[in-house]
Amino acid sequence: AYSHKEKRRIIRHVTDMVLARGRASSRACNFVEHGGLRVVYKKYASLYFIMGVDMGDNELEALTLIQMYVEILDKYFGNVCELDLIYHFHRAYFLLDELVLGGHVQESRQATVLGAMEKMDELADASS
């Protein structure tokens, strides 16, 4: 387990590395190696989605998972933007938890993930 300080350092380093690659060339591949992991990222408009996977994992499956997550966010928020993720981060995490559990894809159907989110929204509305 990493300390909080170490996690922040790793996040900062990976973010700097991905942003530098984005500025250097739009033709750079979406995979970078960092400390025994492969970092897979994809940029959508001004948002970067970054995922760390084991070296033996398939990078294209990780890119597909990122694409699926972004499509789910788009359908839920209606053209997702930075503010949606900032002010409704708990909903974005819930959607991710419905999609991925323990590092494995839990549900691959977008309608099922969005249905679970609708039920959670209904429960939240009923309790308020």
Side-chain angles (χ1 to χ4, degrees):
Y2 295 107
S3 68
H4 182 69
K5 186 177 180 180
E6 182 68 13
K7 286 179 188 177
R8 288 181 46 204
R9 187 189 66 74
I10 292 170
I11 290 170
R12 186 173 50 250
H13 183 262
V14 169
T15 301
D16 290 345
M17 189 170 42
V18 168
L19 290 176
R21 288 174 60 87
R23 285 188 294 265
S25 171
S26 61
R27 301 180 86 153
C29 74
N30 294 6
F31 318 125
V32 177
E33 290 185 12
H34 174 72
L37 289 176
R38 185 163 289 130
V39 176
V40 180
Y41 67 93
K42 183 75 176 155
K43 181 180 180 183
Y44 294 93
S46 63
L47 297 173
Y48 280 89
F49 292 84
I50 302 172
M51 176 185 290
V53 297
D54 290 330
M55 294 299 263
D57 289 345
N58 188 332
E59 302 91 356
L60 297 178
E61 285 182 12
L63 278 174
T64 302
L65 183 60
I66 291 172
Q67 174 71 30
M68 188 183 315
Y69 182 53
V70 170
E71 288 175 8
I72 289 170
L73 290 172
D74 268 344
K75 286 181 181 176
Y76 181 75
F77 289 112
N79 199 14
V80 67
C81 68
E82 298 94 339
L83 293 177
D84 293 325
L85 299 180
I86 291 170
Y87 291 114
H88 304 289
F89 66 91
H90 55 285
R91 290 189 170 117
Y93 277 129
F94 183 86
L95 289 167
L96 185 61
D97 285 342
E98 286 296 312
L99 187 61
V100 178
L101 181 66
H104 299 282
V105 176
Q106 175 73 13
E107 180 58 60
S108 60
R109 291 181 358 149
Q110 293 180 11
T112 303
V113 173
L114 290 167
M117 189 67 194
E118 283 179 26
K119 289 178 185 174
M120 195 207 54
D121 286 342
E122 289 172 7
L123 289 172
D125 289 343
S127 68
S128 34

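Computed over heavy atoms, backbone and side chain alike; hydrogens, waters and symmetry mates excluded.
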For [X], give me all partners under side-chain contact (heavy atoms from CB on, under 4.5 Å), at least two apart in sequence or on another chain.
X     : answer
Arg9  : Glu6, Arg12
Leu96 : Tyr69, Val100
Glu98 : Phe94, Val113, Ala116
Lys75 : Gln110, Leu114

[atom1] of [X] to [atom2] of [Y]: how many Å apart, nearest 0.5 Å?
X      : Y      : atom1 : atom2 : value
Leu73  : Leu95  : CG    : CG    : 6.0 Å
Asn30  : Phe49  : CG    : CZ    : 13.5 Å
Met120 : Asp125 : CE    : CG    : 9.5 Å
Ile11  : Arg8   : CD1   : CZ    : 9.0 Å
Tyr76  : Glu118 : OH    : CD    : 9.0 Å
Lys43  : Leu19  : NZ    : CG    : 8.5 Å

Smallest separation among heavy atoms of Met51 and Ala62, with atom names |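 Minimum heavy-atom contact is SD-CB, 3.7 Å.
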What do the steps show when you test Phe31 against Leu60 for side-chain contact (heavy atoms from CB on, under 4.5 Å), and what is the final call?
-> CA-CA 10 Å; Phe31 318 125; Leu60 297 178; 4.1 Å; yes
Assigning hydrophobic clusters by single linkage (Ile, Leu, Val, Met, Phe, Trp, Tyr; side-chain heavy-atom cutoff under 4.5 Å), is [X] placed with [Y]?
X      : Y      : result
Val14  : Tyr48  : yes
Met117 : Val105 : yes
Met17  : Val40  : no
Met68  : Val70  : yes
Ile66  : Val32  : no

Does atom [atom1] ([X]) have a neighbourhood of more than 12 heavy atoms from anything else shown, all under 6.0 Å?
X     : atom1 : answer
His4  : NE2   : no
His34 : NE2   : yes
Tyr44 : OH    : yes

Answer yes or no: is there a side-chain heavy-atom contact under 4.5 Å between Val53 and Leu37?
->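 Heavy-atom side-chain distance check fails, nothing below 4.5 Å.
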Please report, to 0.1 Å, the donor-acceptor pairs under 3.5 Å made by any side chain of residues 77-89, with sequence neighbours excluded.
unit_1	atom_1	unit_2	atom_2	d
Glu82	OE2	Ser46	OG	2.1
Asp84	OD2	Cys81	N	3.0
His88	ND1	Arg91	NH1	3.1

Applying salt bridge (charged side-chain N to carboxylate O under 4.0 Å, His left out) to Asp97 and not counting sequence neighbours gives none
Step-by-step side-chain contact (heavy atoms from CB on, under 4.5 Å) determination, Asp57 to Arg38 = CA-CA 9 Å; Asp57 289 345; Arg38 185 163 289 130; over 6 Å; no
